[in-house]
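Beneath this line is the structure, given in structure tokens, with notes to follow.
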Amino acid sequence: MDCLAKDFYFIKLTKDQLPELLEFYLYEIYEHFNFTDYTSEFAENELAHLMEEDLSFFKNSIYYVLREHRTDKIVASIKTTYWDRVTTLPIQKLFSINPNAMSLSDRRHFWHIGRFVVSRSVPRYRISILKKLLFNAFYPVHAMEKGVIFAECDRKVMNTLLRMGIRSAVLGQSIDYICSDTVPIYINSEWLNTFIT
């Protein structure tokens, strides 16, 4: 991590920095999946949708971003949201899954993880960055216990989580969302024990 600290720094995002984050997030995903067949109008509509979504969750969210010291550009991000069980989650809109209708009587805290992306421009530190972002995002969920996380997760990321000892359960069929084979999942907080400890 010392080598990482020479080139990058972690920081919490402020509300006025949301447009910068969402632009990074969207275009990084486009690049990752080699998606070039889009118009500026298409991208602007996607950004407007993401902004509307994030503004509705911002007060209950913490965004962790990694910035490059030299340029101050965002090169990685993740968001943890404490869900009020009222605001509509992406999993409800995209997959028609209603977490409130699920049998979760033993769960006391409800969370959503999103905006998880690491730039391809930092391959040297990619695994260290990935682990640090996940630790930051998962720690409050793990600390409060008896929680559940909902997420719309790229299938490859889901497999990466499993290799790191983070189990997840699939809630439905995958869809193509922002170029990614996206799966609706949940993670119980106790499934994070191995990774956090």
- Task: Taking all non-hydrogen atoms of both residues into account, name the closest pair between Ile178 and Tyr25 and its distance.
- Result: CD1-CE2, 4.4 Å
- Message: Aromatic contact between Tyr82 and Phe110, with the criterion being ring centroids under 6.0 Å apart: yes or no?
- Response: no
- Decide yes or no on side chain to side chain contact (heavy atoms under 4.5 Å, CB included) for Met102 and Val148, but give the supporting numbers first. CA-CA 12 Å; Met102 294 171 61; Val148 62; over 6 Å; no
- Gap between atom CH2 of Trp83 and atom CD1 of Ile91 - 0.5 Å precision: 9.5 Å
- Message: Let me confirm one number: the NZ-CH2 distance from Lys79 to Trp111, rounded to the nearest 0.5 Å.
- Response: 13.0 Å
- Are Asn100 and Arg85 close enough that some pair of their side-chain heavy atoms sits under 4.5 Å apart? yes
- Item | Trp191/Phe138 aromatic ring centres below 6.0 Å | no
- Message: Looking at Glu190 and Arg107, is any side-chain nitrogen of the basic one under 4.0 Å from a carboxylate oxygen of the acidic one?
- Response: yes
- Query: With a cut-off of 6.0 Å (strictly less than), are more than 12 heavy atoms of other residues, nucleotides or ligands near CZ of Phe35?
  - Reply: yes
- Task: Check whether the ring centres of Phe8 and His69 lie less than 6.0 Å apart, and answer yes or no.
- Result: no
- Step by step, work out the side-chain hydrogen bond (donor to acceptor under 3.5 Å, both in side chains) result for Asp181 and Ser174. CA-CA 6 Å; Asp181 183 24; Ser174 67; 2.7 Å; yes
- Task: Would you please indicate yes or no on a ring centroid separation below 6.0 angstrom for Phe10 and Tyr64?
- Result: no
- Message: Check Asp54 with Arg115, please: is the shortest side-chain N to carboxylate O separation under 4.0 Å?
- Response: yes
- Task: Applying side chain to side chain contact (heavy atoms under 4.5 Å, CB included), run through Asp154 and Phe116 and close with a yes or a no.
- Result: CA-CA 10 Å; Asp154 176 80; Phe116 181 39; over 6 Å; no
- Between Pro99 and Leu89, is any pair of side-chain heavy atoms under 4.5 Å apart? yes
- Residue pair His109 / Glu145, side-chain heavy-atom distance below 4.5 Å: no
- Quick one: sort the Phe57 and His112 rings into parallel, tilted or perpendicular, breaks at 30° and 60°. parallel
- Close side-chain approach of Leu55 and Lys15, heavy atoms under 4.5 Å: yes
- For the student: nearest non-hydrogen atoms of His49 and Tyr177, plus distance: NE2-OH, 4.1 Å
- Message: Could you check whether any side-chain heavy atom of Ser168 comes within less than 4.5 Å of a side-chain heavy atom of Leu161, counting everything from C-beta outward?
- Response: no
- Heavy-atom pair with the smallest gap, counting every atom of Val122 and Val118: CG2-CG1, 3.8 Å
- Query: Are Thr71 and Glu68 side-chain neighbours, meaning at least one heavy-atom pair lies under 4.5 Å?
  - Reply: yes
- Query: Hey, mind stepping through Arg167 and Ile187 against side chain to side chain contact (heavy atoms under 4.5 Å, CB included) and telling me if it holds?
  - Reply: CA-CA 7 Å; Arg167 183 177 140 211; Ile187 301 170; over 6 Å; no
- Message: Ring centres under 6.0 Å, that's the criterion: do Tyr27 and Phe24 meet it?
- Response: no
- Item | Validation row: Asp7, Arg70 side chains within 4.5 angstrom (heavy atoms) | no
- Task: Could you please spell out the steps behind the side chain to side chain contact (heavy atoms under 4.5 Å, CB included) verdict for Arg126 and Lys131?
- Result: CA-CA 9 Å; Arg126 198 168 181 81; Lys131 286 180 179 178; over 6 Å; no
